[in-house]
Every structure is written in structure tokens, then in C-alpha cells.
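One structure is given below, encoded as C-alpha cells.
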Amino acid sequence: MKILSIETSCDETGAAVLEKEDNKVRVISSVIASSAEFHAITGGIIPEQAARLQVQTIIPVIRHALLLSEGQKYENPNKDSVRAKKILEEKIDAIAVTHGPGLIGSLLVGVETAKTLSYVFNKPLIPVHHLLAHIFANFISPIEQNASPFLSPPFPFIGLIVSGGHTDLLYFKSVKQFEWLGGTRDDAAGEALDKIGRVLGLSYPAGPEIEERAKKITKPYIQFKSPLMNYDDFDFSFSGLKTEVMRFIQNQTGDAKRRNPLKEEVINQICYATQKAIIDVLVKKTLAAAEKFNCQTIVLGGGVSANQTLRQEFERQAKSDARNFKIFAPEKIYCTDNAAMIGAYALMNFKPVKWQEIKALPELYFE
Ligand code: KG4
Ligand code: ZN
């Protein structure tokens, strides 16, 4: 079974071809076009701008993924369209697409394209929940087959989704059975990193740079509070952290306009303390959920799960716990938004619907 998957929930336009063989999900090709460089100029995503660029890139990205899946080069737009069409007709068994949650304009571009291709080429169509797909990125077999066989996460497990738009904890009994345990009451973890990064003058998205700057700190001297750390629930809140960091910066610089710019060392210290405040509460509540639901396995997903320090902290605390929790996180390229994870979820939960029944759902929740 070979599937073409499409992802356009935010500022990325992704297409991928995957196959499932012997119960293993393998990525054959994955292409991503991002408008992040445009949004770096504005310091955040402008939804209309993202969608307009997606209108421009969706067809070339799909063609590119189809051609790559057959080992063909992407070169001449005229010839490419004929060859890509043939691959879609002859080699692809189904199409999967993100139908929510996300930005309405962006979702519409992907959903309407997928519906049209499904109708015109008579292929089954599978709608995919973007956030669940972040977790199921963990079921993609690695590209490099090394000596040790690939082990996908065993059920039941606790899933932590940490992205730019969401922070959610879920208990998964199986692919189809899951329960939402809690989530952020305001800003998502990635959103907090991006907003704090903006105040610090870092480029968007700020997560990776905050991580790099934090690594330079050997003697931390700033501490920020981990919000809701000592609450006995599975909720998160990160907007207070943003306010605390902004107050700290104002105290340092004398005013909010930063006429007295921060020294590099202080910026790095703030990055370290911000990242630590976020990681500490994510790890604590996720381990508490694993304890409560008697799960030995913890599965991370979403852009923030690319953070090496977060992964190391999970590993460190998991090892020191008598229960010896096992931590899973996707390969880094499958942490941030991509179409491969959409295909992976569709292959693991193959539920086609009629093309008329799929709608872009910006507020799609966990059912
Ligand atoms: O999953 P994603 O690509 O998009 C959403 O679905 O929101 O996540 C993007 C978020 C951004 O907030 C970005 O700053 C963050 O993931 N991010 C990171 C890292 N790489 C990306 N945060 C911390 N450390 C990283 N290495
Ligand atoms: Zn995402």
C-alpha cells in the first residue's frame, strides 16, 4: 500500500509518499516548502500570507514528492507534470491530508487539493488530525537501517504533543483509543519560546536558537518559575512565563524599548532559564501521567520535541525512576511539521471517507 500525504496546517507545505510493508511504515519521499523566511521578517506567521504562498507551492511540492518516490529528478515543469500525474495514477493507492487543527486558509489549500486529486484520480481519501500525526511520527521506520531493529512505541503510552500551537497530554490505549488528559490553558510551549525569542530579538521561530544559546550556559544565575508545576493536574500555562521574562528584561534594560540593549551573556542566560522553566514542567507532568495511568512508555511529538535538552531531561529522569520509563521521540526531521507523519498516521489508521465529507476544521479537537 502506497500513500500520498499532504500537510498544510500552518506555514509549511508538505507532501510525502509512504508505504506500509510487514506492518512497517516507511517514508519513500518527503518534501517541505516553508514560508518561515517570510515570517522571520514579520516575527511571526501572517495567516493570509502563509496561505497565499501555499497556493503557489502546493502543486510543485506534490509533484516533487511523487517524482522523488520513483527516483526521478524534479527539473522541467512541463515534463514533470506529465510524469508526476502518471505516478499518481499508477503507483499511489490512497491520499491522506491534514484536515485540522490549523489556520483556515492554509488548511483549505491542502484539503481542497487533496479532495480534487481524490475525485479526479479515483483514490481513497483519508482525513488526518494534525496533532495525532505528531505522535505517530514515532512509528516511521528510520531511513538508515542500522544493526538494531527499529522498535515502534508499545501501547499503552502517554503522548506529549509540544508544538508551536499546542501542548497536550494524552493517554493512548491503542491507535484508535485515546483520552485527552490536559493541555495548555493559554500559550503553547513553542509559542512561548517564539514570543520570548521575539522580545530578545531572535529570529522566528526562536525555539532552535534558544536551545543553542542555552547550551552555552555553564553557570546559570537566572531562574524563572515553571507555571502550574505543583498543581495536581495535567494542564499547562506559559503566558505567565512570558510576562515574567518581559519584566526581567525591563528591569535589566531600564525600559521596554530596550535603549540599553542586553549583553549576549544575559540573553543566553534568559534563554537557559526560559527553556528550563518549560522543560521542568513538561517532564514532571508527563511522568506523573505515566505513573497515574501505569504506562511505561512515553511518546513525544511536535516541533519542541526536536529539543535535545528536553529529550535528555526526559531520559535522565526516566532512568533515575525505578519504573524505568522508555522515552520515544521522532527523528528530528519528523518533529516539526511535515507530510510524512500525516501519511504514517493514515497508514496506521486507514479510514477513508468520501471526498464530499472532508472539510477544513481549524478548531478540530481530540474526539
Ligand atoms: O510542530 P511545529 O512545526 O508546528 C506546529 O504544529 O505548531 O512546531 C513549531 C514550534 C515552534 O514554536 C518552534 O520554535 C519550535 O517548534 N521548535 C523548537 C525547536 N525546533 C522547533 N523548540 C525548541 N527547541 C527546538 N530545537
Ligand atoms: Zn505541528
Side-chain angles (χ1 to χ4, degrees), residues 5-14 16 30 32-37 39-40 43-45 47 50 54 97-103 106-107 110 128-138 159-168 183-184 187-200 202-215 236 238-239 241-242 271-283 300-314 329-342 344-345 362-364 366:
S5 54
I6 298 170
E7 153 65 35
T8 62
S9 67
C10 196
D11 59 335
E12 265 87 20
T13 307
S30 178
I32 302 169
S34 173
S35 53
E37 60 192 82
H39 300 119
I45 294 171
Q54 280 162 322
V97 65
T98 305
H99 67 139
L103 304 171
S106 297
L107 286 169
V128 175
H129 191 299
H130 177 85
L131 299 174
L132 294 178
H134 269 306
I135 289 294
F136 284 85
N138 284 277
L160 172 69
I161 301 158
V162 262
S163 71
H166 296 85
T167 304
D168 291 291
T184 185
D187 290 356
E191 189 178 356
L193 289 169
D194 295 340
K195 285 178 175 171
I196 291 167
R198 190 175 171 176
V199 177
L200 292 171
L202 313 184
S203 61
Y204 174 87
E209 188 174 346
I210 289 182
E211 174 172 25
E212 287 316 307
R213 285 177 173 271
K215 277 185 192 156
F236 302 96
F238 296 109
S239 75
L241 175 64
K242 184 185 64 196
C271 289
Y272 178 94
T274 300
Q275 183 177 275
K276 182 165 171 21
I278 292 175
I279 290 177
D280 285 354
V281 67
L282 290 175
V283 175
L300 313 179
V304 182
S305 72
N307 188 292
Q308 202 60 37
T309 316
L310 172 78
R311 293 173 180 223
Q312 280 163 357
E313 191 53 24
F314 262 112
E331 273 191 78
K332 283 202 175 180
I333 46 164
Y334 301 133
C335 286
T336 43
D337 289 351
N338 65 87
M341 67 183 194
I342 305 302
Y345 183 71
E363 305 291 335
L364 181 63
F366 295 106

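Counting starts at 1 for both ligands and their atoms, in listed order.
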Would you say ligand 1 has an N or O under 3.5 Å from any N or O of G207? yes

Is there a donor-acceptor pair under 3.5 Å between the side chain of D194 and the backbone N or O of A206? yes

Considering only non-hydrogen protein atoms, determine which one is nearest to atom 26 (N) of ligand 1 and report residue, atom name and distance to 0.1 Å. E211 OE1, 2.8 Å

Going by the atom numbers of ligand 1, which of them fall below 4.0 Å from some non-hydrogen atom of T336? 3 (O), 21 (C)

Is it true that a side-chain atom of E191 and a backbone atom of A188 form a donor plus acceptor pair closer than 3.5 Å? yes

Which ligand 1 atoms does N307 reach within 4.0 Å, using its non-hydrogen atoms? 23 (C), 24 (N), 26 (N)

Checking the side chain of D280 only, and the main-chain atoms of A277 only, is there a donor and an acceptor separated by less than 3.5 Å? no

Determine whether H129 and F366 satisfy the following criterion, ring-ring contact (aromatic ring centres under 6.0 Å, His included), listing intermediate values before the conclusion. CA-CA 8 Å; H129 191 299; F366 295 106; 4.9 Å; yes

Within the 3.5 Å criterion, strictly below it, is a donor on N338 or E12 matched to an acceptor on the partner's side chain? no

Part of H130 with heavy atoms under 4.0 Å of ligand 1, whether side chain, backbone, both or neither: side chain

Distance-only, no hydrogens or angles: does the T167 side chain make a donor-acceptor pair with backbone N or O of A189 under 3.5 Å? yes

Should you measure from each heavy atom of G190, which atoms of ligand 1 turn up under 4.0 Å away? 12 (O)

Can you list the atoms of ligand 1 that are under 4.0 Å from a heavy atom of G165? 7 (O)

At under 4.0 Å between heavy atoms, which part of Q308 makes contact with ligand 1: side chain, backbone, both or neither? neither

Quick note on ligand 1: atoms under 4.0 Å from a heavy atom of H134 include exactly 1 (O), 6 (O)

Between T8 and Q54: side-chain donor-acceptor atoms closer than 3.5 Å: no

Any N or O of L193 closer than 3.5 Å to N or O of ligand 1: no

Within reach of ligand 1, part of D194 (heavy-atom separation under 4.0 Å): side chain

Looking only at protein heavy atoms, which one is nearest to atom 17 (N) of ligand 1, and what is the separation? G303 O, 3.5 Å

Is the side chain of E211 donor-acceptor paired with the backbone N or O of Q308 at a distance under 3.5 Å, no angle test? yes

Please check whether G164 reaches ligand 1 - meaning an N/O of the residue sits under 3.5 Å from an N/O of the ligand, judged on distance alone. yes

Judged by atom type as modelled, is there a donor-acceptor pair below 3.5 Å linking the side chain of D168 to the main-chain atoms of G183? no

Minimal non-hydrogen separation, L241 against I278, with atom names: CD2-CG1, 3.5 Å

Based purely on interatomic distance, does D337 place a nitrogen or oxygen under 3.5 Å from a nitrogen or oxygen of ligand 1? yes

Which atoms form the tightest heavy-atom contact between S305 and P330, and what is the distance? OG-CD, 4.0 Å

Of all heavy-atom pairs linking V128 and A133, the shortest is CG1-CB, 3.9 Å

Which ligand 1 atoms, with their elements, are less than 4.0 angstrom from a heavy-atom of P205? 13 (C), 14 (O)

Protein N/O/S atoms under 2.8 Å from the Zn ion (ligand 2): how many? 3

So which heavy atom on R311 is nearest to which on K332, and how close? NH2-CG, 4.1 Å

Out of curiosity, is C10 lining ligand 1, as in a heavy atom under 4.0 Å away? no

Assess the residue pair E7 and S5 against the criterion (side chain to side chain donor-acceptor pair (under 3.5 Å)); give the C-alpha distance rounded to whole Å, side-chain angles, the decisive distance to 0.1 Å, and a yes or no. CA-CA 7 Å; E7 153 65 35; S5 54; over 6 Å; no

